[in-house]
Protein chains: 2
Amino acid sequence: MPKVVDHRARRIQVADAVQKLVTEEGLDRVTVARTAATAGFSVGHVQHYFPTKDEMLLFTHERVVRKILDRVSALGERATRQQLPIRDVVVEGLGEWLPVDARRRSAHRVVLAFLGRTVDNPGLARSHAETGRLIRSMLATAVHNGKECGEVPADTDPDLAALELHSLTEGLALQLGSGADTDTDPGAAESQAALGLVTARVRAVFPGRCRQYG
Amino acid sequence: MPKVVDHRARRIQVADAVQKLVTEEGLDRVTVARTAATAGFSVGHVQHYFPTKDEMLLFTHERVVRKILDRVSALGERATRQQLPIRDVVVEGLGEWLPVDARRRSAHRVVLAFLGRTVDNPGLARSHAETGRLIRSMLATAVHNGKECGEVPADTDPDLAALELHSLTEGLALQLGSGADTDTDPGAAESQAALGLVTARVRAVFPGRCRQYG
DNA sequence: GTTTTTACCATATGTTCATATGGTAAAAAC
DNA sequence: GTTTTTACCATATGAACATATGGTAAAAAC
């Protein structure tokens, strides 16, 4: 072996370049050569870490989604430590999917660009469906916990509530994403409206107050 | 001039071939040659009616969207003739955007495929934003009319309600669209859940009954 | 110190595709 | 009946790109 190299770190460097390119120019302007240039690598270097372009794209997509999910999870853990109302955690978690600032906008654009490819790429379609299921199951769990805690009425259907909140958020993300023409703050008013709507619907599902234990 | 030819009809034939290809194989498997073959034309023929591929794609996209909007409009007119409750019309109109049968699924796939291109195509992004605005304004009008008619409480914000219903529907469409792996009925159960959810939220916005005039 | 393995690179290759080009034919115009 | 215009076609052309190829160098293994 020559120089000891952190394989995963290199792949991430490449993936970051892909994300930047997708965000700024769209998925079909991503070429291996451009990615290499953006990352400051040679084409051969990129090839060394990703034998095929497809692998490179898939890795990037998975990483972007993973980063969002990790954030949401971290939010959940922080919340249980600090005994926050579930309702607030749900609002914050859903907010991670809205393109309301540069970071989230970049992630959203990547997700959106890949979403358009689910039509012809079954692997991508599966991955997207899987992510959706995961989100809804997290939401359903939150609703379930909310019931035990007293925030949610007993007759609420967790799965249906989860589907509603998830769909509403994704739909809003689409709307915000397109309106964001300028690279400056893209309609702060619209962002507020979207966040307000999500908050309102979450409050409708979680109308109660948590009974404090201990 | 030689043979008198209906220019628009030819373009539509080509656009239909594009729609078929996008639906079945995805946007980036659409080439001029494949489109020509699908439509039963020569490449030169397609070129004659669409000087550039971009024009061909844009025309197809606009046509698919237009067809949905026309259906929704027709729905609205039929409803005013027959004095149907606004609520029911809204549910049906929103239903046009859900991929619950082959026709709507095809349209949805086209919309979705092009949606992924809004990132790098400002024209497409504008068009998509425009369509969204149109849908929401139709919904807001429906809510407004519902107030005058007595179906909607006076303190409802029409724009906010419109945004909610529109976003919810688009979000549900995304979820359904991905789940539909098989070419058979794609999760009739999921379709039902989606339609049920839309119906429920529309009923929440239009809880009242229309006072009959005359 | 030789061998082997891995990192990394420049350039070659072959394919796919949009579009250009140089046509034929037929109908309208006059 | 000649001219012009439009419909339509087969094939040429050149660009973009993913991937293959044939390298060099450096470090570990022994």
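Below, chains carry the letters A, B, ... as their sequence lines are ordered, and counting in each starts from 1. From a predicted model like this one, the values you see are computed outputs, not experimental measurements.
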Please list, in numerical order, the residues of [range] that have a heavy atom closer than 4.0 Å to any atom of DNA chain D.
range	value
residues 33-41 of chain B	none
residues 49-58 of chain B	Tyr49(B)
residues 12-27 of chain B	none

Practice problem: Report the relative orientation of the aromatic rings in His45(A) and Phe41(A); use parallel for angles under 30°, tilted for 30 to 60°, perpendicular for over 60°. | Solution: parallel
For [X], all residues meeting salt bridge (Lys or Arg N to Asp or Glu O under 4.0 Å), sequence neighbours excluded:
X	result
Arg201(A)	Glu164(A), Glu164(B)
Arg29(B)	Glu25(B)
Arg78(A)	Glu92(A)

Quiz item: Excluding sequence neighbours, so at least two apart, what forms side chain to side chain contact (heavy atoms under 4.5 Å, CB included) with Ile12(B)?
Solution: Arg8(B), Asp16(B), Phe59(B), Arg63(B)
Quiz item: With His144(B), which residues qualify under side chain to side chain contact (heavy atoms under 4.5 Å, CB included), at least two apart?
Solution: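 If we apply the side chain to side chain contact (heavy atoms under 4.5 Å, CB included) test to His144(B), skipping adjacent residues, the hits are Glu148(B).
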Quiz item: Which dot-bracket string describes DNA chain C (Watson-Crick N1-N3 plus N6-O4 or O6-N4, or G-U N1-O2 and O6-N3, all under 3.5 Å; [ ] crossing; | other strand)?
Solution: ||||||||||||||||||||||||||||||
Quiz item: Do Asp70(A) and Lys67(A) sit within salt-bridge range, that is, some charged N less than 4.0 Å from a carboxylate O?
Solution: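 Lys67(A) and Asp70(A): not salt-bridged.
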Quiz item: Taking 4.0 angstrom as the limit, do Arg126(A) and Glu130(A) come out as a salt bridge?
Solution: no
Quiz prompt | Partner set under side-chain hydrogen bond (donor to acceptor under 3.5 Å, both in side chains) for Arg71(B), not counting sequence neighbours | solution =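 Per chain and number, Arg71(B) pairs via side-chain hydrogen bond (donor to acceptor under 3.5 Å, both in side chains) with no residue.
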Quiz item: Residues two or more places apart in sequence or in another chain: which of them pass side-chain hydrogen bond (donor to acceptor under 3.5 Å, both in side chains) with Asp120(B)?
Solution: none
Atom pairs, protein N/O to nucleotides 11-14 of chain C N/O, distance under 3.5 Å:
none

